[in-house]
Each structure stands twice: as structure tokens, then as C-alpha cells.
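Note that the structure is a prediction, hence the values are computed from the model and not measured. These numbers come from the heavy atoms of this one structure, side chains and all, not from hydrogens, waters or symmetry mates.
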Amino acid sequence: MAASRRKRRRSTGYTAPGRRGQGPAVRPEQAPAPRRATRERPPAPWGRFPLVELVVLLGLILLITGFFVSEQRGAVLIACGIALASLAGLELSVREHLAGFKSHSTVLAGALAVLALAAGYFLLPSSLLAVNLLIGAVVFGIAFYAFRELFKRRSGGLGFR
């Protein structure tokens, strides 16, 4: 009866030399490195509340409503709907990327490039459109490389998933 009450220990991947019936001995330095990333989506900081889904729904409602409202008000509703839905998607992309779940390097680099283009639009004169586009392309390239390297570190060496 005492044998049935014993707790089973989880295997750590290391078997001491000379133990029988537990497979070959593996030294700790030969054991494969554990992967940080799992097959489950990373949890949201606010728990199980579906905030991202509700924000996307609100963005879609504003977007659809904007098509039926006329003139200036409709354009504002459409812009707000697109902005809300985009921010919700961007938040999910950041969370998944930083957790090493899926690589969103292109999306995140594109978001930074759009911010750089918007800043250049307001700060540079309109005659320097080519310079503004060049700045946006450089920001995209640097950000893509940085986000890709960050994902490699977070996912255990994988470049994409």
C-alpha cells in the first residue's frame, strides 16, 4: 500500500549513470535547450475579459456607421473605426511577438514606418516627399531587423513561426 501512495517525479531529462530501466544516461550539458514559446496564445494582461474583441467590434460598428452618415461626420466615424480596429490588432501582434508565439516583425515594423511617415508629413515641407519616403523605408528596415532578432531570442532561436 505504501508503494501506491508514492508521488511520481517528473522527468528532468537527466538520468544518473547506472540506473536501470530508465533509458540511457544523458548529461545535463547534452540535454536540449528548453523552448520558451508554447503552442498556446499568451494571456492578456487584463485576464479573460475579451477587450481586444470588443474594441474590434466597436471599430467595425463605427466603420459601418460612417458609411451611412453623410459628409464630415461619416469620414470621422470611418477614421475612428479604422484606428480602433488597427490598434486592437496591433496590441495582439505586440503581445504574441513578445511572447515568442508568432512573429509579427513585418506588422510591427510597418506600424513604426507609418508613424515615421506621419511625423515627416507634419514636420517636413511637402517638397521633400522623397526624403520622407526614404526615412520611412529606413525606419521600416531597421525596425524589421530589430523585431526579427527580438523574436529569435524570445522563441528559442526560431526566425518565424
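A 4.5 Å side-chain heavy-atom check between Thr106 and Phe144 finds at least one atom pair inside the cut-off. Side-chain contact between Leu58 and Leu54: absent, with no pair of heavy atoms (C-beta onward) separated by less than 4.5 Å. Here the side chains of Leu63 and Leu84 are not in contact, with every heavy-atom distance at 4.5 Å or above.
With sequence neighbours excluded, the residues forming a side chain to side chain donor-acceptor pair (under 3.5 Å) with Ser105 are Ser103, listed by chain and number. Under the ring-ring contact (aromatic ring centres under 6.0 Å, His included) criterion, Phe147 pairs with His97, sequence neighbours left out.
Leu108 and Val139 fall within the same hydrophobic cluster, where Ile, Leu, Val, Met, Phe, Trp and Tyr residues are linked whenever their side-chain heavy atoms come under 4.5 Å apart, directly or through other members. Val52 and Val94 are assigned to two separate hydrophobic clusters, defined by single-linkage of ILVMFWY side chains at heavy-atom distances under 4.5 Å. Clustering ILVMFWY residues whenever any of their side-chain heavy atoms sit less than 4.5 angstrom apart, transitively, puts Val131 in the very cluster that holds Leu112. By the criterion of side-chain heavy atoms lying less than 4.5 angstrom apart, applied directly or through intervening Ile, Leu, Val, Met, Phe, Trp or Tyr residues, Tyr121 is not grouped with Leu115; the two fall into different hydrophobic clusters.
The list of side-chain hydrogen bond (donor to acceptor under 3.5 Å, both in side chains) pairs with a residue in residues 83-96, not counting sequence neighbours, reads Arg41-Glu96, Glu91-Arg95, Glu96-His104. The side-chain hydrogen bond (donor to acceptor under 3.5 Å, both in side chains) contacts involving residues 64-83 comprise nothing, where partners must be two or more places apart or lie in separate chains.
Between atom CZ of residue Phe140 and atom OH of residue Tyr145 there is a gap of 15.0 Å, rounded to the nearest 0.5 Å. Taken to the nearest 0.5 Å, the OG atom of Ser155 stands 12.5 Å off from the CZ atom of Phe101. The CG atom of Leu150 sits 11.5 Å away from the NZ atom of Lys152 when rounded to the nearest 0.5 Å. Distance check: Phe67 CZ to Ile78 CD1 gives 4.0 Å after rounding to the nearest 0.5 Å.
Applying side chain to side chain contact (heavy atoms under 4.5 Å, CB included) to Leu77 and the options Leu62, Ile82, Ile64 leaves one that passes, Leu62.
Summarising the geometry of Ala88 relative to Val56, their closest heavy-atom pair is CB-CG2, 3.5 Å, with the distance given to 0.1 Å.
Its side chain within the 4.5 Å cluster rule, Leu133 clusters with Leu117, Leu129 among the Ile, Leu, Val, Met, Phe, Trp and Tyr residues. Residue Leu87 shares its hydrophobic cluster (ILVMFWY side chains chained together at separations under 4.5 Å) with no other residue.
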